[in-house]
Participant: 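I have a structure I would like to understand better, so I am pasting it below and will then ask my questions one at a time.
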Amino acid sequence: MLFRDVLVDENLKQQLISLVKNNRISHAQLFLGPAGSHKFALAIAYAQYILCANRGEEDSCGTCPSCVKFAKLAHPDLHLIFPDANTDSKKSQKGTAQQQAMAKFINFVTENDYHLDYNQWSEGESKQLNINANDCSFIVHQNNIRSYESGYKIFILWMAERLYHGAAPRLLKTLEEPENKTLFILIAENSEKILPTILSRTQLIKIPKLSKETIKSELQNKFNVNERTADDIAEISEGNYIKAIELLNDSEAIELLLDDFKFILESAVAHARSDIQNIRFIELQERFTKIIAEGREKQKQFIRYMIQMFRNILLVNSNKTELLRATTKEKNILSTFTPYIKLRNISPITEACNKAILYIERNGNSSLIFNNLYFNIANRLQVR
Ligand SMILES: [Zn+2]
């Protein structure tokens with residue numbers, strides 16, 4: 001990982017680079033930053049810069065043997081410590097379970113472009129994951145043996161708040177008086193959850209959340225997202241890159257919901273106006289069939305989406321657009337339906353939607369429920 005690929009403020013990179021240049025590297029640092037900031041990438045870039053055999057003024061060389069090993073996260077003097085379910089103390093660090101866990105972790109890091117999220121990492125695990133006593137023994141042991149090749153030993157502890165409290169005392173002495181050229185980089189999101197005794201032994205490096213502009217340009221450059229969508233997602237994700245990616249993956253799903261909503265409401269308007277030519281009854285049934293085939297949860301999700309859209313139409317009608325939480329595409333579609341949704345019909349329409357959700361929960365016939373809901377809405381639209 002090169003500094004230039006890390007999504008943090010340039011001044012922060014310079015601060016770390018100058019620590020290395022002036023030989024003022026602290027032996028224990030805490031990289032503290034909110035969820036979705038690129039702090040793990042920064043820690044790796046920093047460690048790589050320290051060990052680079054040919055480092056430049058601004059960045060590692062990227063090509064020396066040390067950098068090549070860093071690119072695979074396989075440098076023998078780089079030790080990655082992370083929360084893990086494995087607590088079997090009899091297994092040595094070279095045991096198969098640890099090797100598997102490490103391979104899984106490295107895969108997780110590269111798959112997510114070094115944007116790590118604890119909830120994603122622990123997904124599917126039945127219990128909380130910890131940095132456990134086993135990990136602490138490993139650190140203490142490695143601290144006491146020689147560096148493999150660089151002269152340094154660098155430990156990066158991801159999610160320091162998940163350090164098992166019972167195991168922490170083993171680390172304190174090592175953190176306070178590590179062997180020469182042993183470095184600790186602790187990464188955390190919430191300093192309140194870190195033991196004060198650990199906190200007081202580290203130098204704090206604060207990593208701010210990403211700016212809206214950074215997220216927007218990443219989405220445009222890396223994922224080819226159009227400017228409007230990138231702008232919408234950057235706005236809603238509030239500086240959290242991981243959330244932005246989730247929204248990006250979701251945005252297709254939202255577009256499908258919107259498309260179905262638009263079709264159904266257009267048809268309902270045609271019905272309400274007795275505009276027979278514009279009622280596409282067959283396609284309407286096909287849309288219902290498609291939604292129904294996705295199961296009861298998705299059916300309810302779609303109706304909840306309709307309720308949200310009806311409320312949004314009313315907001316546009318009442319000139320309260322500042323309360324709208326909608327994408328640009330949604331806003332455009334909402335404004336075409338403003339003549340039909342007013343204060344006087346929003347309640348019965350919402351009520352019909354809520355009843356439909358209730359019937360779905362009671363295992364009613366979904367096709368009947370959707371058709372009923374459709375006619376309920378069509379009958380209540382304002383067409384005069
Ligand atoms: Zn290098």
Side-chain angles (χ1 to χ4, degrees), residues 1-33 37-82 93-94 98-99 102-116 138-139 142-143 145-158 160 178-187 202-207 210 214 217-218 221-222 241:
M1 175 59 61
L2 299 176
F3 275 121
R4 67 158 182 261
D5 295 324
V6 181
L7 297 178
V8 299
D9 186 65
E10 290 302 317
N11 290 330
L12 191 52
K13 295 179 191 175
Q14 286 309 321
Q15 189 189 331
L16 293 174
I17 288 168
S18 74
L19 286 177
V20 181
K21 283 186 190 163
N22 300 324
N23 226 345
R24 284 178 32 238
I25 307 169
S26 165
H27 68 263
Q29 287 168 300
L30 173 63
F31 282 27
L32 185 68
S37 58
H38 218 185
K39 47 198 180 298
F40 184 78
L42 185 66
I44 297 290
Y46 178 52
Q48 179 169 344
Y49 190 66
I50 293 169
L51 298 195
C52 175
N54 197 14
R55 67 173 169 250
E57 285 294 303
E58 303 279 307
D59 220 327
S60 310
C61 74
T63 52
C64 71
S66 172
C67 282
V68 170
K69 287 171 193 161
F70 258 90
K72 291 184 268 181
L73 292 176
H75 196 292
D77 293 324
L78 171 71
H79 302 289
L80 301 175
I81 314 290
F82 48 87
Q93 189 61 23
K94 282 181 183 148
Q98 273 83 1
Q99 277 178 348
M102 184 59 75
K104 186 181 161 202
F105 183 69
I106 290 174
N107 196 27
F108 175 70
V109 171
T110 43
E111 262 183 6
N112 290 291
D113 251 340
Y114 291 67
H115 293 276
L116 308 191
F138 168 75
I139 294 169
Q142 287 292 326
N143 180 46
I145 62 174
R146 284 178 52 176
S147 157
Y148 289 99
E149 54 179 62
S150 65
Y152 278 95
K153 282 167 280 184
I154 303 183
F155 295 92
I156 295 183
L157 280 79
W158 176 60
E179 288 298 309
N180 191 26
K181 289 195 163 181
T182 293
L183 307 177
F184 287 94
I185 304 171
L186 279 61
I187 300 173
T202 57
Q203 178 198 45
L204 180 64
I205 305 281
K206 268 196 169 174
I207 295 152
L210 295 175
T214 308
S217 69
E218 276 296 298
N221 300 334
K222 226 181 229 166
Y241 184 88

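One-based numbering, in listed order, for ligands and for the atoms of each.
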Participant: Among the protein atoms near the Zn ion (ligand 1), how many are N, O or S and lie under 2.8 Å away?
Facilitator: 4
Participant: Listed by chain and number, what are the side-chain hydrogen bond (donor to acceptor under 3.5 Å, both in side chains) partners of T63, not counting sequence neighbours?
Facilitator: none
Participant: Testing the basics here: between I25 and V20, what is the closest heavy-atom pair and its distance to 0.1 Å?
Facilitator: CG1-CA, 4.0 Å
Participant: My understanding is that only residues two or more places apart in sequence, or in another chain, count here; which of them pass salt bridge (Lys or Arg N to Asp or Glu O under 4.0 Å) with D113?
Facilitator: K222
Participant: Suppose we screen for side-chain hydrogen bond (donor to acceptor under 3.5 Å, both in side chains). Which residues come up paired with E58, at least two apart in sequence or across chains?
Facilitator: Q14
Participant: Looking only at atom types and distance, does a side-chain atom of K39 sit under 3.5 Å from a main-chain N or O of L116, one as donor and one as acceptor?
Facilitator: no
Participant: Which heavy atom of L7 sits nearest to which heavy atom of L210, and what is that distance?
Facilitator: O-CD2, 2.9 Å
